[in-house]
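One structure below.
Residue numbering restarts at 1 for every chain, and letters A, B, ... go by the order of the sequence lines.
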Number of protein chains: 2
Amino acid sequence: MRHEPLAAPTNMQQLADWLKVLAEPRRLQILNLLMAGVQCNCELGDHLDMAPNLISHHLSVLRKAGLVDIERDAVDARWVYYSLNPAALDALNAAFGAFFAPARIQPRRAVCGPQGSVIHAATIRVTRH
Amino acid sequence: MRHEPLAAPTNMQQLADWLKVLAEPRRLQILNLLMAGVQCNCELGDHLDMAPNLISHHLSVLRKAGLVDIERDAVDARWVYYSLNPAALDALNAAFGAFFAPARIQPRRAVCGPQGSVIHAATIRVTRH
DNA sequence: GCTATAATTCAACTATGGTTGAACTATCGC
DNA sequence: GCGATAGTTCAACCATAGTTGAATTATAGC
């Protein structure tokens, strides 16, 4: 059986990586707080009732994914402020929208199934088994 | 420190559940094929080089998440056709777009940090590095 | 120098969940 | 009935990754 490769969004792998980063409730909560303007480790921990090292870990994951930027306080360098990367957020929205766009849904390709099945000849598209 | 609870999208939990389902490369590939019109277990396995029981498992996860519908062949009930649930896909896009909308990003709330720090009322900005 | 603070890093533990192969169910053709 | 086919379910294995607490780094204040 030979099937030509079906087209996939070029950034599908990156989307998968992003989704893996986002598919974590606490990271979603952190992102939610970052969007609301909360930006230091201590206050994130205060809101989410999490140990600072856990916050640090999840922020590190988000930062490696390029979604979050880091900045130290100019007056007291012990404080670290995290912020969303707007460009990455745009890219994320674009990748997600491109992949899950309803317009991408195509009618069934009757490759499998018995002869003379539910699918009529008029709706069949290319390829043989 | 007292912090009033920050508003979160009402469907945040459902979004988290969906993301957990989507954050799996093989499931993304399956969804990609379903969008392209491939809809039976055997051909999915052919494209992805996966055992049918694995396909079955991942399709089950997608189905429990409401993203995929199931239908048996009218002529030969042994064949099963999977299809995307357009309504669920719309809801997914809506939930994702609502959460990650760039418009939701707010400037930093200077709750933490030293007194008289970098953040002044007049110089608040969306911090970038 | 010393102590306190903000945050990170590290190693160990743990749990969720993907993978595997076999057994099983259901249907079709004979 | 029988055997073949499409797909599912099951139990076991295993790897990834979140969690935990302690140690560590870096900075500020004295």
Side-chain angles (χ1 to χ4, degrees), chain A residues 1 16-30 34 38-65 68-83 110-118 129, chain B residues 1 16-30 38-65 68-83 110-118:
Chain A
M1 339 182 183
D17 294 340
W18 268 333
L19 288 176
K20 206 158 184 52
V21 170
L22 299 178
E24 166 58 49
R26 315 199 113 142
R27 282 201 281 271
L28 267 192
Q29 293 177 36
I30 289 176
L34 288 182
V38 179
Q39 291 190 340
C40 71
N41 191 321
C42 61
E43 197 188 0
L44 289 173
D46 186 20
H47 271 97
L48 302 176
D49 197 29
M50 292 170 60
N53 56 350
L54 241 191
I55 306 265
S56 212
H57 167 249
H58 286 303
L59 281 170
S60 167
V61 174
L62 291 170
R63 202 164 57 80
K64 288 196 182 96
V68 166
D69 288 332
I70 186 176
E71 183 189 9
R72 291 196 166 267
D73 190 292
V75 173
D76 187 337
R78 286 176 300 181
W79 268 274
V80 178
Y81 303 123
Y82 297 98
S83 58
V111 180
C112 284
Q115 266 73 336
S117 185
V118 279
H129 215 167
Chain B
M1 329 182 191
D17 293 340
W18 268 334
L19 289 176
K20 207 159 184 52
V21 170
L22 299 177
E24 164 59 48
R26 314 199 114 142
R27 283 201 279 271
L28 267 192
Q29 292 176 37
I30 290 176
V38 179
Q39 289 191 341
C40 71
N41 190 321
C42 61
E43 198 188 359
L44 289 172
D46 186 20
H47 272 97
L48 302 176
D49 196 30
M50 290 170 62
N53 57 350
L54 240 190
I55 306 264
S56 211
H57 167 250
H58 286 304
L59 280 170
S60 168
V61 174
L62 291 170
R63 203 164 57 79
K64 287 197 183 96
V68 166
D69 287 332
I70 185 176
E71 183 189 7
R72 292 197 164 267
D73 189 291
V75 174
D76 188 337
R78 286 176 301 182
W79 266 275
V80 179
Y81 303 125
Y82 297 96
S83 59
V111 179
C112 284
Q115 281 82 330
S117 183
V118 278

Quick test: give all pairs of protein nitrogen or oxygen and nucleotides 27-30 of chain C nitrogen or oxygen below 3.5 Å, distance rounded to 0.1 Å.
from    : atom 1 : to     : atom 2 : distance (Å)
dC28(C) : OP1    : V75(B) : O      : 3.4
dC28(C) : OP1    : A77(B) : N      : 3.2

Can you pull every protein N or O that's under 3.5 Å from an N or O on nucleotides 11-17 of chain D?
none

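Proximity of I30(A) to V68(A): side-chain heavy atoms (C-beta onward) are nowhere separated by under 4.5 Å. Looking at heavy atoms from C-beta onward, N41(B) lies out of side-chain contact with V80(B) at the 4.5 angstrom threshold.
Between V80(A) and V61(B), the residue anchored closer to the 5' end of DNA chain C is V80(A), taking for each the nucleotide with the nearest heavy atom. Toward the 5′ end of DNA chain D lies the nearest nucleotide of S56(B), the other residue of the pair S56(B) and A51(A) mapping further downstream.
Sorted by first and then second residue, the side-chain hydrogen bond (donor to acceptor under 3.5 Å, both in side chains) pairs involving residues 18-27 of chain A (not counting sequence neighbours) are R27(A)-H58(A).
Once rounded to the nearest 0.5 Å, the distance linking CD of Q39(B) with CG of L59(B) reads 10.5 Å. Taken from CG in L44(B) to CG in D49(B), the straight-line distance is 13.0 Å, to the nearest 0.5 Å.
Separating the CD atom of E43(B) from the C1' atom of dG7(D) is a distance of 16 Å, rounded to the nearest angstrom. Separating the CZ atom of R26(B) from the C1' atom of dG17(C) is a distance of 14 Å, rounded to the nearest angstrom. K64(A) has its NZ atom 11 Å from the C1' atom of dT9(C), to the nearest Å. Protein atom CD1 of I55(B) is 13 Å distant from nucleotide atom C1' of dA6(D), rounded to whole Å. Remark: P of dT8(D) and CE of M50(B) are 12 Å apart, rounded to the nearest angstrom. Between the CH2 atom of W79(A) and the C1' atom of dT8(C) there is a distance of 16 Å, rounded to whole Å. If you take CG of L62(A) and P of dA7(C), they are 16 Å apart, rounded to a whole angstrom. Rounding to whole angstrom units, CG of residue L48(A) and P of dG18(D) are separated by 15 Å.
Note on N53(B): a base of the nucleic acid sits closer than 4.0 angstrom, heavy atoms only.
The backbone N or O of N53(A) sits nowhere less than 3.5 Å from a side-chain atom of H57(A) that would complete a donor-acceptor pair.
Qualifying side chain to side chain donor-acceptor pair (under 3.5 Å) partners for D69(B), counting only residues two or more places apart in sequence or in other chains: none. Residues meeting the side chain to side chain donor-acceptor pair (under 3.5 Å) test with R78(A), sequence neighbours left out: D76(A). Partners of S60(A) according to the side chain to side chain donor-acceptor pair (under 3.5 Å) rule, which considers only residues two or more places apart in sequence or in another chain, are K64(A).
Counting only heavy atoms from C-beta on, H58(B) has its side chain closest to dG18(C) among dT8(D), dG18(C), dT8(C). Counting only heavy atoms from C-beta on, Y82(A) has its side chain closest to dT8(C) among dG7(D), dT8(C), dT20(D). With distances taken from any side-chain atom of L54(A) to the nucleotides dT8(D), dA7(C), dT20(D), the minimum falls on dT20(D).
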